[in-house]
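Order of the sequence lines fixes the chain letters, A, B, ..., with proteins taken first and strands second; residue numbering starts at 1 for each chain. Bear in mind that the values here come from a model prediction, so they are computed numbers and not experimental data.
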There are 2 protein chains.
Amino acid sequence: MGQLLTKERIRARAPAPVPKELLPLGQILDGDCIAAMRSLPDASIDMIFADPPYNLQLGGDLSRPDGSHVDAVTDHWDKFDSFATYDAFTRAWLAEARRILKPDGSLWVIGSYHNIFRVGASLQDAGFWILNDIVWRKANPMPNFKGTRFTNAHETLIWASMGEKAKYTFNYTAMKTLNDELQMRSDWVLPICGGQERLRKGGHKVHPTQKPESLLYRVMLATTKKGDVVLDPFFGTGTTGAVAKRLGREWIGCEREGLYRDAALERIEAALPLDESALKIMQSKRAAPKVAFGTLVETGWIAPGTVLTDKKRRFSASVRADGSLLNGTLTGSIHSVGAGVQGAPSCNGWTFWHLEHQGGWKPLDAIRQLYLLSTEP
Amino acid sequence: MGQLLTKERIRARAPAPVPKELLPLGQILDGDCIAAMRSLPDASIDMIFADPPYNLQLGGDLSRPDGSHVDAVTDHWDKFDSFATYDAFTRAWLAEARRILKPDGSLWVIGSYHNIFRVGASLQDAGFWILNDIVWRKANPMPNFKGTRFTNAHETLIWASMGEKAKYTFNYTAMKTLNDELQMRSDWVLPICGGQERLRKGGHKVHPTQKPESLLYRVMLATTKKGDVVLDPFFGTGTTGAVAKRLGREWIGCEREGLYRDAALERIEAALPLDESALKIMQSKRAAPKVAFGTLVETGWIAPGTVLTDKKRRFSASVRADGSLLNGTLTGSIHSVGAGVQGAPSCNGWTFWHLEHQGGWKPLDAIRQLYLLSTEP
DNA sequence: TTCATGTATGAATCGAATC
DNA sequence: GGATTCGATTCATACATGA
């Protein structure tokens, strides 16, 4: 078993695989992740999922418009002196990760714009070969309260093999099935972790950055086989372990905070392998195609300056560059200006406003339908 | 003009702005982008949009920091050398970009997983401060034909200011309007460039990676003002120039391929600028002319003695002749009394205090809007 | 029980001008 | 340059409360 010299091993000049009995399966290694990984043998892990500190570098306190306080990530483990310090830390854990991964294993890392560019460059430098970058589009992100930037509504994952020519596992058909018979894309719409799933103690969240199980579910289903060994060097409250158990994968974690370790063990203990019907519930729905009026302006379907009227041509308004309408001194969205000219409390601008199109007088909604048709796969 | 020492410039210790007459507006500079940028004065550009080469194999497009040409990378290239060469090239053009950007200017870069992590890390190292990473989610991407990875369905843009404390332009309200009254998020769904928009010659596309105008439209509408100078160091077939002309922004391009320059000039020549009224965008209150509460009292919009309450009528205060409020022994501005009655550290009196107006219960802000409309030219 | 309403909150690099 | 003042700013979801 496993010690025989198979054709594949000879061709790959790979050493004999490490027997699973020598690995601390189903255990959370205490302490610093680099030291913990050092205790593992070479080429023994099938997949690593890493959620390292993001190095957020937050400024002062932040309040919502209603005056309530935003509970930020201020934990000591997210603090680094400089980019150089963070890079050194990143290179160190990536080197250990590379040593313990099998030649046909793969690496996942998740991050935000604060750290992901540094991590991505470092892992390329270390010899990893990027297979995809995946965008987790959050269905329900925190808004930008001060109106100073775009709402930070996504995080980025990198999926990489051991090298340009290295093999890796990708369950293409499973992904296609999960995505209603269309190829799974590099952008995934998933909700953030909350509700029942969020671990709480005394009314407070146990970990500030607990990841949703749906995210790990898709990662593991896509890029590991049943029985594979998955390592998470930043285990936290054990989402990776819980999902691994549910999907019949082996897991190993590294975590230095005792509070997190305890919560994770309790959680994983309670996790049950999923049956088929439960799997279906985990599937993500495809994002409903939603088109903002501004998109039609940006994409040239409706030119700025176009004059819109209502069906009976009693009212008119002109389109501006940002998709707002102008009627005398009245400006705003298609809905608010539609309401304004009628003196109505509200109005569906999509059906209220009309324009000349191909010889006919059509509601905006008809243009939106045409746009949607043109962008369908 | 422009050479006078204004209050603002003295306070900011900024040098005199560069007169636009000294800039090659509406021109495509021939040659290597680094050399071309070197011909531009310091602190003269409001925004840079850069679409650099994505891949090391496109070695022909690369130059060394000294501007000399890098021979095509052939069979013997080594991965480390290639990344290092690409990084050196990136650092070189970023350094020039930084020199010519105004202190309150901003930088946009677009890339894919092949290069964006290296570019992102380099621009952080150069002192740029990332404001957002933006995901361009392609509505109609190329499928993954071999079924070996996830469909690569997005590209990444980075938007960065000149530094952590630097100012920058963000037309928050215009973006919110463009997105049907919801904050614009960091993930943008836009179609790829095709159909009529795609430049072709003899049945073949002129440029392999022509960007859609809708993408540049959103970038420019969000982060530049009318009349701003936009530079594109990798001009290609001139999408940046065409959109700049349409939106009333000035543009400068750098492009070494004569074929692309010719196609770009022809295309931009044909582009039609939007007229003034269509160009107007929704102004945020920050940018709107300020109205003091006292002005509403002075001009009779709100009579001294009027009683204001909060929305739920828990608190009340009366208006005094000088525009101050009175609540028991508490007196002061609409903001400080609003904060005082709630025991809150701060309060926006404009939205907190309400009064009876034309049969309805309206916030002070609504009266301010009416006043502003009445005074508009 | 169901529905309507109110409140809490999530990896956030979140203000600008004047004194 | 630091402190102070003015006043601009939120989306989706979960859950508790009350009708």
Side-chain angles (χ1 to χ4, degrees), chain A residues 51-75 77-80 83 110-116 136 138-156 189 191-198 200 203-205 207-212 234 236, chain B residues 7-8 11-13 104 124 128-133 160-161 163-165 167-168 170 172-173 176 179-186 284-288 290-293 312 332-336 338-339 344-353 364-365 368:
Chain A
D51 182 10
Y54 286 11
N55 190 22
L56 287 184
Q57 304 178 253
L58 300 177
D61 279 358
L62 181 65
S63 302
R64 301 167 203 274
D66 66 6
S68 66
H69 182 252
V70 174
D71 185 14
V73 178
T74 51
D75 306 68
W77 48 254
D78 196 47
K79 300 252 188 290
F80 293 84
F83 280 138
I110 183 167
S112 66
Y113 66 82
H114 310 86
N115 71 325
I116 198 65
W136 169 27
K138 299 182 185 181
N140 47 349
M142 177 145 33
N144 180 292
F145 297 115
K146 304 294 185 195
T148 54
R149 304 178 178 189
F150 298 97
T151 303
N152 191 11
H154 74 275
E155 293 188 22
T156 302
V189 181
I192 59 176
C193 179
Q196 293 299 318
E197 187 184 334
R198 188 93 200 192
R200 291 170 209 277
H204 296 292
K205 52 189 178 188
H207 194 284
T209 69
Q210 186 181 339
K211 295 292 175 289
F234 308 94
Chain B
K7 245 189 196 173
E8 289 70 22
R11 200 178 302 126
R13 293 155 196 258
D104 57 354
Q124 285 181 313
F128 286 103
W129 189 252
I130 297 180
L131 296 165
N132 279 115
D133 61 335
S161 69
E164 182 174 0
K165 302 294 179 191
K167 295 184 178 182
Y168 55 89
F170 181 55
Y172 173 74
T173 310
K176 194 170 173 179
N179 195 37
D180 278 358
E181 301 300 328
L182 290 179
Q183 287 189 337
M184 187 69 80
R185 301 168 36 120
S186 58
S284 67
K285 284 183 191 154
R286 275 187 201 114
K290 272 196 186 133
V291 179
F293 179 66
K312 296 183 181 168
S333 71
I334 55 173
H335 312 295
S336 64
S346 69
C347 165
N348 180 353
W350 289 107
T351 52
F352 179 74
W353 294 111
L364 289 182
D365 197 42
R368 176 166 60 164

Please compare A:R200 and A:F145 by the position of their nearest nucleotide in DNA chain C and report the one closer to 5'. A:R200
Under 4.0 Å, heavy atoms only, any strand: does B:R368 hit a base, just the sugar-phosphate, or nothing? sugar-phosphate
Nearest-angstrom distance, C1' atom, D:dG7 to C:dC14: 15 Å
Counting only Watson-Crick or G-U wobble pairs whose two distances fall under 3.5 Å, which nucleotide matches D:dA12? C:dT9
Do the side chain of A:R64 and the base of C:dG10 come within less than 3.5 angstrom through a donor-acceptor pair of N or O atoms? yes
Out of C:dT13, D:dT9, C:dG10, minimum distance to the side chain of A:R198 belongs to C:dG10
Mark yes or no for a side-chain to base donor-acceptor pair under 3.5 Å between A:K211 and C:dA11, with no hydrogen or angle criteria applied. yes
Assuming nearest nucleotide by heavy-atom distance, tell me which of B:S336 and A:G147 is located more 5' along DNA chain D. B:S336
Rounding to an integer number of angstrom, what distance separates D:dT5 and C:dT13 when you compare their P atoms? 29 Å
Taking C:dA16 as the reference, what is the distance to D:dT10 when you measure between their P atoms (whole Å, please)? 15 Å
Please classify the glycosidic conformation of C:dT13 as syn (within 90° of 0) or anti (everything else). syn
Whether A:Y113 stacks on the six-membered ring of C:dT13 base, 5.5 Å and 30° limits: no
Donor-acceptor pair (no angle test) under 3.5 Å: B:N348 side chain, D:dA8 base: yes
A:K205 has its side chain closest, among C:dG10, C:dA11, C:dT13, to C:dG10
Using the P atoms only, state how far C:dA11 lies from D:dT9, rounded to an integer number of Å. 25 Å
Could you check whether B:I130 gets within reach of a base, just the sugar-phosphate, or nothing at all, counting any heavy atom under 4.0 Å? base
Nearest whole Å is fine: how far is C:dG15 P from A:N144 CG? 9 Å
Tell which nucleotide pairs with C:dA16, taking only Watson-Crick or G-U wobble pairs whose two distances are both under 3.5 angstrom. D:dT5
Identify whether any heavy atom of A:G194 sits under 4.0 Å from a base atom; if not, whether one sits that close to sugar-phosphate; answer base, sugar-phosphate or nothing. nothing
Which nucleotide sits closest to the side chain of B:H335: C:dG10, D:dA8, D:dG7? D:dG7
Side-chain atoms of A:L56 come closest, of D:dT10, D:dT13, C:dA11, to C:dA11
Compare side-chain N and O positions of B:Y168 against OP1 and OP2 of C:dG15 and report whether any pair is under 4.0 Å apart. no
Could you please name the option among C:dT13, C:dA12, C:dT9 that lies closest to any side-chain atom of A:R149? C:dT13
Closest to side chain of B:Q183, choosing from D:dC11, C:dA11, C:dA12: D:dC11
Whole-Å gap separating C1' (C:dC14) and NE2 (A:H114): 11 Å
Of the nucleotides C:dT13, D:dT13, C:dG10, which has the atom closest to the A:A139 side chain? D:dT13
